[in-house]
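Following: one structure in structure tokens, then a few remarks.
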Amino acid sequence: MTDGPSLRQLLAAIGEPLVQLGAGSADLPVHGLAILDPDDDPGAYRGELVLIIGARGRDALRYLRAAARRGAAAVAVKSEEPDTAQLEAAAGDAGIGLLVVQPRARWDQLSALIRELLDSAALTAGLRDDRSDRDLFSLAQTVAALTGGIVSIEDATYRLLAYSRSDSEADEVDELRRLTILGWKGPERYLELLREWGVYQRLRSGEEVVDLEERPELGIRRRLAVGIRAGSQHLGAIWVQQGGQPFTEQAGSALVGAARMAALSMLTQRGLPGTRSRDELVTGLLDGRVSADLVAGQLGLDPAAPSVVLAFAARTIEPDLPEHELHLAELARVVSVHVTAHRRNALVGSIGGRVYAVLPTATAPVPLAERIVEVLKGRTALTVQAGIGGAAPSLREVVASRAEADRVLDAVGRTPDRPVGTIGDLRAEVLLGETLSLLEAKPELHDPAVASLVEHDATHGTELVGSLLAYLDALGDVRAAAARLHVHPNTLRHRVRRAATVGGLDLEDPAHRLVCHLNLLLATRT
């Protein structure tokens with residue numbers, strides 16, 4: 001049995017003086033929660049915390065002993081002095097822990113909070129190991145870069161799961177951050193303050209980004225925080241401490257997206273249904289290996305919902321370089337944070353050297369893609385471009401939208417200054433690129449006349465290929481083509497006549513001219 005949260009962690013989350021430790025070790029682990037009502041027969045309570053309701057003070061002694069005999073780790077009883085001393089003595093004799101609950105506390109609220117903490121602890125158990133360790137630490141680094149702050153990720157019992165690292169932050173961390181890192185959990189005196197200020201209540205209630213003002217007298221710098229949630233389940237929080245610079249403009253939205261990603265990471269690592277193979281499901285959807293119905297069923301999506309695919313690639317990433325995987329992973333994390341903040345049900349996956357996002361068509365993809373590209377340009381050495389496919393009528397047609405996004409991204413890649421392209425504004429370039437690719441795959445259709453021009457240029461150092469291509473691009477306008485090449489019009493006329501002679505070209509015939517033009521474009525394609 002995996003250790004659950006300790007009584008100390010439960011007390012820290014619930015907060016004193018509502019509940020206090022009366023007996024037993026604060027480090028005693030709790031594996032579950034049970035309710036013992038005097039009207040019910042006692043059950044088996046192996047390793048559980050038993051709430052004794054319906055009996056207070058000394059009246060609860062017999063039920064305390066019954067719970068101990070049936071394996072309870074600890075009991076919680078409402079009591080006041082002098083009855084508390086008898087309960088403490090009985091718990092010590094029975095060898096179990098005792099939580100003394102204030103009479104004004106409501107059992108329904110207390111039990112709901114404890115169940116939430118136990119469920120969260122079960123989900124996050126072992127998250128400081130292996131892959132989950134790397135995932136959350138990598139996410140913390142990405143959030144630090146996107147927010148301009150110093151990041152920590154914790155579970156619902158304030159156990160530190162991951163944090164960002166920076167050589168420059170040594171003089172910027174405050175006392176709360178320092179003590180949290182040293183103890184791998186939030187220090188109790190600070191936790192109590194955060195509870196008094198209502199911070200934890202706000203973090204548990206939704207996706208609100210909480211802005212905590214600086215408290216110099218307490219050693220606390222300004223912070224932003226957001227709760228990590230899976231449905232109604234509170235899993236923890238992401239904290240960002242302000243360092244030497246102000247937070248970035250997108251800090252709030254980055255935190256929301258990061259919290260959603262953290263929830264997915266926590267759920268995935270615990271192997272819950274539908275989450276273990278999320279990456280495989282998304283990439284399988286994009287390349288057609290996995291049916292949309294299966295993906296929708298396991299990820300809770302509507303297979304009939306219209307979608308659009310965004311494709312991202314960094315022109316500076318070379319697949320054979322050692323840093324390729326690091327750059328690609330960073331690109332994927334930044335894309336994930338932004339699209340997940342924008343749409344909770346966004347899907348992100350990587351295939352080859354590209355990162356893809358699948359979004360509902362209601363999303364405005366161009367501004368989102370432009371923002372992501374701009375963020376990456378500002379904080380990395382990566383030159384990132386994006387291609388946006390056409391709308392897919394449903395999740396089942398996502399493969400077609402992805403193929404279109406790839407074609408657009410290919411076209412964008414031939415225009416280094418263009419950050420983002422859509423099929424609508426690059427349709428001609430996309431169709432031309434597809435045509436040239438088809439022609440390239442059929443060597444038997446290549447024009448030997450163009451091949452002879454290429455060979456002539458290589459042998460004699462002439463520029464017949466480029467000159468003829470410029471002439472055809474300008475629709476036979478010699479002056480316009482000559483200006484583009486920075487040569488005299490008569491020089492260009494001579495080169496065109498020479499090219500026609502060397503290649504045996506009939507430039508008066510429209511079909512021959514079109515074939516020649518396509519083959520010249522293929523010959524000069526980079």
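Just so it is clear, the structure is predicted and the values come from calculations on it, not from any experiment.
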At what distance, to the nearest 0.5 angstrom, does CD1 of Ile150 lie from CZ of Arg223?
8.5 Å
Once you round to the nearest 0.5 Å, how far does CD of Gln141 lie from CG of Leu136?
12.0 Å
Residue pair Arg402, Asp287: steps toward the salt bridge (Lys or Arg N to Asp or Glu O under 4.0 Å) verdict:
CA-CA 8 Å; Arg402 179 232 166 170; Asp287 62 19; 5.6 Å; no
Decide yes or no on side-chain contact (heavy atoms from CB on, under 4.5 Å) for Leu331 and Leu376, but give the supporting numbers first.
CA-CA 8 Å; Leu331 174 59; Leu376 284 162; 3.3 Å; yes
Check for me whether Arg354 meets the cation-pi criterion with Phe312, that is, NZ or CZ under 6.0 Å from the six-membered ring centre and within 45 degrees of the ring axis.
no
What are the two closest non-hydrogen atoms of Ser253 and Ala341, and how far apart are they?
O-CB, 2.9 Å
Do Leu286 and Val399 have side chains that approach each other closer than 4.5 Å (heavy atoms only, starting at C-beta)?
no
Using side-chain heavy atoms (C-beta onward) and a distance below 4.5 Å, is Glu196 in contact with Leu193?
yes
Kindly write out the residues that satisfy side chain to side chain contact (heavy atoms under 4.5 Å, CB included) with Pro393, not counting sequence neighbours, or none if the list is empty.
Glu397
Using the side-chain contact (heavy atoms from CB on, under 4.5 Å) rule, take Val30 and Ile114 through it: C-alpha gap first, then chi angles, then the decisive distance, then the call.
CA-CA 10 Å; Val30 175; Ile114 294 174; over 6 Å; no
Show your reasoning for whether side-chain contact (heavy atoms from CB on, under 4.5 Å) applies to Leu87 and Val100.
CA-CA 9 Å; Leu87 289 170; Val100 180; 5.9 Å; no
Val101 side chain reached by Trp107 side chain, heavy atoms, under 4.5 Å:
yes
So which atom in Gly97 and which in Leu28 form the shortest heavy-atom distance, rounded to 0.1 Å?
N-CD2, 4.0 Å
State, with a plain yes or no, whether a side-chain heavy atom of Asp406 is found less than 4.5 Å away from one of Val309.
no
Taking Tyr190 for the side chain and Glu175 for the main chain, is one N or O donor matched with an acceptor at less than 3.5 Å?
no
Just do the side-chain hydrogen bond (donor to acceptor under 3.5 Å, both in side chains) check on Ser79 and Thr84 with the steps written out, would you?
CA-CA 6 Å; Ser79 180; Thr84 300; 3.0 Å; yes
Could you check whether any side-chain heavy atom of Ile238 comes within less than 4.5 Å of a side-chain heavy atom of Leu255, counting everything from C-beta outward?
yes
Rounded to the nearest 0.5 Å, how far does CD1 of Ile372 lie from NE2 of His342?
9.5 Å
Minimum heavy-atom separation for Ala156 and Arg204, please, with both atom names.
O-NH2, 3.6 Å
Could you report the tightest heavy-atom contact between Leu146 and Thr248, atom names first, then the distance?
O-OG1, 2.5 Å
Given side chains that start at C-beta, do those of Val151 and Tyr163 come closer than 4.5 Å, heavy atoms only?
no
Arg344/Glu207 ion pair, N-O < 4.0 Å
yes
Give the table of side-chain donor-acceptor pairs shorter than 3.5 Å for residues 50-64, with sequence neighbours excluded, one pair per line with atom names and distance.
from	atom 1	to	atom 2	distance (Å)
Arg58	NE	Asp83	OD1	3.1
Arg58	NH2	Asp83	OD1	3.1

Is it true that a side-chain atom of Ser205 and a backbone atom of Arg202 form a donor plus acceptor pair closer than 3.5 Å?
yes
Enclosure of Glu81 CD (heavy-atom neighbours >12, cutoff 6.0 Å):
yes
Inter-residue atom distance Trp239.CH2 - Glu154.CD, 0.5 Å rounding:
6.5 Å
Here the pair of heavy atoms bringing Gly349 nearest to Thr283 is CA-CG2, 4.4 Å
Between NE2 on residue His338 and CG on residue Leu310, distance to nearest 0.5 Å
13.0 Å
Quick check: does any side chain N or O of Ser394 sit under 3.5 Å from a backbone N or O of Pro306, one acting as donor and the other as acceptor?
no
Output, in order, the C-alpha distance, side-chain angles, deciding distance and verdict of side-chain contact (heavy atoms from CB on, under 4.5 Å) for Val75 and Leu49.
CA-CA 5 Å; Val75 296; Leu49 169 62; 5.6 Å; no
Non-hydrogen side-chain atoms of Val143 and Ser164 separated by less than 4.5 Å:
no
Can you tell me if CD on Glu214 sees more than 12 non-hydrogen neighbours from other groups inside 6.0 Å?
yes
Rounded distance (nearest 0.5 Å) linking atom CD of Gln250 with atom CD of Glu374
10.0 Å
Does Arg215 make a cation-pi contact with Trp197 (under 6.0 Å, within 45 degrees of the axis)?
yes
Under the salt bridge (Lys or Arg N to Asp or Glu O under 4.0 Å) rule, collect the residues that match up with Asp27, sequence neighbours excluded.
Arg8
What heavy-atom pair brings Val240 and Gly149 nearest, and what distance separates the two atoms?
CG1-CA, 3.6 Å
Side-chain touch Arg177/Arg221, heavy atoms, less than 4.5 angstrom:
no
